[in-house]
Structures are given as structure tokens and as C-alpha cells.
There are 2 protein chains.
Amino acid sequence: MENSIRIESISQLHDLIGYEKPKHPLITLIDVKGIDPTISTLDLDVFTNFYTISLKEGNHCRNKYGRQYYDFEEGSLTFMAPEQALHVDEDKAELKSSSGWLLCFHPDLIDKSSLAKKMNQYTFFSYASTEALHLSEQEKTKITAIVNEIRNEFSQNIDIFSQDLIISYVELLLNHCKRFYGRQFITRTKVNKEVILRFEALLNRYFDSAKPELDGLPSVKYCAQEMGYSPHYLSDLLKKETGKNTQEHIHFYLIEKAKTMLIETEKPVNMIAVELGFEYPQHFSKLFKNKTGMSPVEYRK
Amino acid sequence: MENSIRIESISQLHDLIGYEKPKHPLITLIDVKGIDPTISTLDLDVFTNFYTISLKEGNHCRNKYGRQYYDFEEGSLTFMAPEQALHVDEDKAELKSSSGWLLCFHPDLIDKSSLAKKMNQYTFFSYASTEALHLSEQEKTKITAIVNEIRNEFSQNIDIFSQDLIISYVELLLNHCKRFYGRQFITRTKVNKEVILRFEALLNRYFDSAKPELDGLPSVKYCAQEMGYSPHYLSDLLKKETGKNTQEHIHFYLIEKAKTMLIETEKPVNMIAVELGFEYPQHFSKLFKNKTGMSPVEYRK
């Protein structure tokens, strides 16, 4: 790939952006203002093998990070897991005027710690950059204080306690971000309600078309793509608003549709299953029984 | 037991010390200055079913908390696990002049969290109160900041993120304490060296007496008791200074003694085993082989 580059280590990252040597081999904090804006890698997609949490400040990044008029605007946090593309910034002129930082840490830092097992709970690492976390001033102060503690830890002499402390601070940071995303889902209630309506309309259109018979059941990934979200963000949003994630919504909608067809038509159960997108009718019967407590035939009676 | 009392909950603790109702059912921070000094429970041994971390300030508590002239004096932290006796303070007059706080949390707070599995790593919860952690001003500032964050967390509206955040802060606090105890073991090098000499003299006396044959091998608990330390503190001190914990020291000493007896006497191996305190000679042979790579008989040749 011509327009992409792979970064294998924190030290390689520092080299590429023209930054001084790292203080710790597995974690670093990079001030965006310290990045050399003449370096050639800025136009490339950068793939890394580490986690990156980045804070962008300034109003110009409103659209790129999906900020809405009712979001806070003190800064936008984005989260990237290893192997996701990291854009240092697309526009060199913009980079000059922007400020913020990147906190990068290698999975080896948390390897064998209890945090490693919990990383999949922080689903925001799978969100798109347009689904950033927009911080209030108070939230930004808290995040900044923790990030400074992390920098103090990895910048001073490393002792046998350093790693546990850095991991504790990272976990604390992620737990705060989890709460702040929870807050963002709540303050976005109005737009979230619209998302739910759009999602229901999407499922409606899908099941009313020939798509189920041709392409099968709608997948979580397909729905998220059609709505313009990442699968994790859509699921977290739906869960916060309705208590049901994307998959549960699809099943709920499917069963409602099936009930209508069972009551209002005389089509055989197998035909209904096929029309709803099931390859094997017995899968339909099993799901129906699981969700309603009775089989399709019993329900029809 | 007339002179002891059991406290089952944070709320019962608040009642007993004449303190306002708790803000959280499983964790509290009590300002020592807020404790009613006229209450009758002050003379009792208090047994609780929660963890307590307590900071005492003021010079008067020098002896009670084992502070030495080369220790820091900004405050002394003591750590108590559930079921250990907690002295609010023996002297009411003293209580009036002292300041500090108690952070108490119930094991249910951390139940099922990864911290619960790690609590046994924080061996200082088994130290005696005379083995307190004596803080520098900088250390005290750090501890106080974290404790204030914990109080902010449990005092504000509790949401589904509160518990994870409180646990993160508690873990961060304990990891800092672990480092500070490490520092204290280092700054106490002179006194620690004396402890090692005293420990070696103790083992010497023990093996030169009739005790092994009468009472068996010296236990870790026995050694700690004779030295005036809690077993965990003695082990952690020895480990920091020499790389070997109490048990490893006892074994090392035992094997050295055995080697001398094997070379310098013609006593049968079984008799040596009995004289060293082994009930079953085959246990001696197994340990000897394990530590030296050869059996006692092979060693003698």
C-alpha cells in the first residue's frame, strides 16, 4: 500500500514525527504542537500496533470528530485500538493551528495485567473518529490531570512499582471516559431518538423489500453501515437509549414482523421463515420459541 | 469478650462514633476531628468486617506507630484487614489533639473485581500498627489527593460507573502505598541491616539449643514473634534487603547447618534430621536434595 505506513514501536513513532527519543519503551505522550509539520508521513494512513487516545482542541475539527451543536467543545477525545488507521492530521496547515496530545501505549504494557482482560469492555476503541467524545471543561481538567500523572510516572526513574502505577492510571482514565461517553449518550438524547427512528425505518424498509429472501437477515454490521455508524457505537447508543443492543433490536423487529405474518396471512411457517431471510426454517422456529415461549404454529392457533 | 465490640457495617460504624449518616453503604472517609471524644467505645477493641486505611498526624504517635528518627514525619498510614482489631485511639485526651482520617471499605465493594484477587499482594494489611508507613510531605500530598477523589466519587450521585471508578482509585492508592513502603524499606537500610543480624543470631541460637529436637523447625511466625514483628513485615523486609523471605532464610540456614554436621560429624543422616527438628527424616533428605541438588549421603562423600 503506497499511502500507508506501519509503526511497530513507540520509538519508531517518535522518529517518524521528528520527536525526541521516548522516555519509556511502551508508553508515550506526544504534544501535537511538537510534531514537525514538514514531515512527509502526514499524508499517509498510519497503522500502529498500539493503543492511541488523542485529544484535539480547537473548533475547526467540528465535523471531522462528529461534534454537534449541543456537545461540549473543550476538546474531542478519540480512541484507536492497535491496527486501526491513525491520521496524524490530513491538513498540514490545520496541524499548525491545532493543539492537543496523543497518549500511545503498546499492548505489552498491560500484558498479563487484569486491565488486559478488560480492554474489550472499553468499546469506544472501536468507534469511528466521527463518534469522538466531546469534553466539558470539567471533564477535560480531570482527563488532563490523569494524563499528567501518567507522564510523570513514565518520565521519572522507573522502579518495580512503575508499571502497576501506570496501568492503574490508564484504567482510571478509561473508566472516566466510559462515564463521559455515558453522559454524552444522555445529553444527545434528541439526536439519539432520531437515530432510533431512523433505525426502525431502516428495518421496516429492509423487511418490506425482497432483501431478506435475497441477502438473508440484516446483520449488525450492515445496519450500522447504512446508518453511518460503527457497529459498536450504534449498539452502545441503542443500549443506552432503549436497553436493547442492535442484535436484540433486529430480533425484536423480526419477531414482530413474524407475528403479523402468522396472524394476518395463511402462508406456511416455512415460507414465512424464508421470506424473513432464514436459510433454514428450523432456525426461525427456534428463535421464535426462544423469544415468545411458543412455536410459530402454536402462536397461530 | 467485654472489652471488644464488632462492627458489621459502615453505617453501624458511623453510629458508634457519633458521626453523620454515611453517603455510601460500602465505603466511607472519617475525619478524626469529627469523632465525638466522649463516646464510650473508645476504650474497646473494635473488630470490623471491612478494610481500614488510617492516617495519623502529629508527633505524639511516634512510638505507637513505630516511627524512627530517620523516618518521614508528615503522617503515618496504617492498614487493617477485616477481622483485625482497630483501636480508634486509646487515650481520649490524645484523640482531641490528633488529626487524620480513616478510609474504610467493605470487601463487598471490590467483590468480583480484579482488585479483590489482588488484595493478598498488599501484604501491608497484615502489618502491625508499629510497622506503619511514615509519609514524606510529597507522599502525603499524593495520598491525600487520591483519598479526596475517592470521597468526591462516593459523595456525589452514584451512577453505574461509580463503583469501577472508586475501585480504580483504591487500587491506585494501594499501588502508591506499595511503592512508599518499598521506599521506607530502603531508607531504613541501617536498621534493616541490624534486623538481619538479629535474625541470623536468632537462628543461630535456635539451632544451637535443644529447641529443634523438642519443638521442631522454627516457624516463620515464631521468628517474627521473637523479633517483635508481624510475619508479613519481617518477610517483606528480608526480601527487600536480601532477596530471600523468612522461610527461605530458615531453609538456607538449616541447610548450611546440615552441611556442617554432615562434614564435621559422623552422625547418621537420620540423627542429623532429628537434631535439626525434622519429624520425618525423609522430609529432611528431600529438602536437602531440593536445595543442593544432591542427597545428604552423596554430599558427605
Side-chain angles (χ1 to χ4, degrees), chain A residues 109-124 133 136 138-139 141-150 152-154 156-187 236 239-241 243, chain B residues 109-124 133 136 138-139 141-150 152-154 156-187 236 239-241 243:
Chain A
L109 178 80
I110 59 169
D111 188 36
K112 296 196 183 73
S113 76
S114 54
L115 178 60
K117 285 176 217 129
K118 282 184 220 160
M119 285 305 285
N120 61 351
Q121 290 176 17
Y122 304 107
T123 48
F124 41 78
L133 173 61
S136 73
Q138 204 182 4
E139 290 168 351
T141 305
K142 185 137 264 172
I143 295 293
T144 308
I146 298 171
V147 165
N148 282 336
E149 292 287 354
I150 293 173
N152 288 345
E153 262 310 316
F154 73 69
Q156 68 187 13
N157 291 334
I158 292 166
D159 63 21
I160 55 164
F161 309 102
S162 305
Q163 187 150 359
D164 280 352
L165 280 163
I166 293 172
I167 293 172
S168 292
Y169 279 117
V170 170
E171 187 167 348
L172 186 63
L173 179 71
L174 296 177
N175 282 340
H176 275 295
C177 293
K178 213 167 154 186
R179 166 181 281 164
F180 299 156
Y181 256 120
R183 183 271 308 151
Q184 181 161 299
F185 280 118
I186 291 164
T187 54
D236 289 348
K239 185 95 190 173
K240 281 269 158 45
E241 285 290 328
Chain B
L109 177 80
I110 58 169
D111 188 36
K112 295 197 182 73
S113 75
S114 54
L115 179 59
K117 286 177 216 127
K118 281 184 221 160
M119 285 306 283
N120 61 351
Q121 290 175 18
Y122 303 108
T123 48
F124 40 78
L133 174 61
S136 72
Q138 204 183 4
E139 289 168 353
T141 305
K142 183 138 266 169
I143 295 294
T144 308
I146 298 171
V147 165
N148 283 337
E149 292 288 354
I150 292 172
N152 288 345
E153 262 311 317
F154 72 70
Q156 69 186 13
N157 290 335
I158 291 167
D159 63 21
I160 54 163
F161 308 102
S162 306
Q163 187 150 0
D164 280 353
L165 279 163
I166 293 171
I167 294 172
S168 292
Y169 279 117
V170 170
E171 187 167 348
L172 185 63
L173 179 71
L174 297 177
N175 282 339
H176 275 295
C177 293
K178 214 167 155 186
R179 167 181 281 163
F180 299 156
Y181 257 120
R183 183 272 307 152
Q184 181 161 301
F185 281 118
I186 291 165
T187 53
D236 289 348
K239 185 96 189 174
K240 281 268 158 47
E241 285 288 328

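All values reported here derive from a predicted model rather than from experimental measurement. Sequence lines set the chain letters: A, B, ... in the order given, protein chains first and strands last, and positions in each chain run from 1.
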Separation between NZ of B:Lys118 and OG of B:Ser113, rounded to the nearest 0.5 Å | 8.0 Å
Which residues share a side chain to side chain contact (heavy atoms under 4.5 Å, CB included) with B:Lys117, sequence neighbours left out = none
Using modelled atom types only, decide if a donor and an acceptor are shared between the side chain of B:Tyr122 and the backbone of B:Lys178 within a distance under 3.5 Å.
-> no
Considering non-hydrogen atoms only, spot the tightest contact between A:Tyr181 and A:Leu133 and give its length.
-> OH-N, 3.3 Å
Report, as yes or no, whether the 6.0 Å neighbourhood of atom CD on B:Gln121 holds more than 12 heavy atoms from other residues, nucleotides or ligands.
-> yes
How are the rings of A:His176 and B:Tyr169 set relative to one another: parallel (under 30°), tilted (30 to 60°) or perpendicular (over 60°)?
-> perpendicular
Inter-chain contacts: residues 157-167 of chain A against chain B, heavy atoms under 4.5 Å = A:Asp159, A:Phe161, A:Ser162, A:Asp164, A:Leu165
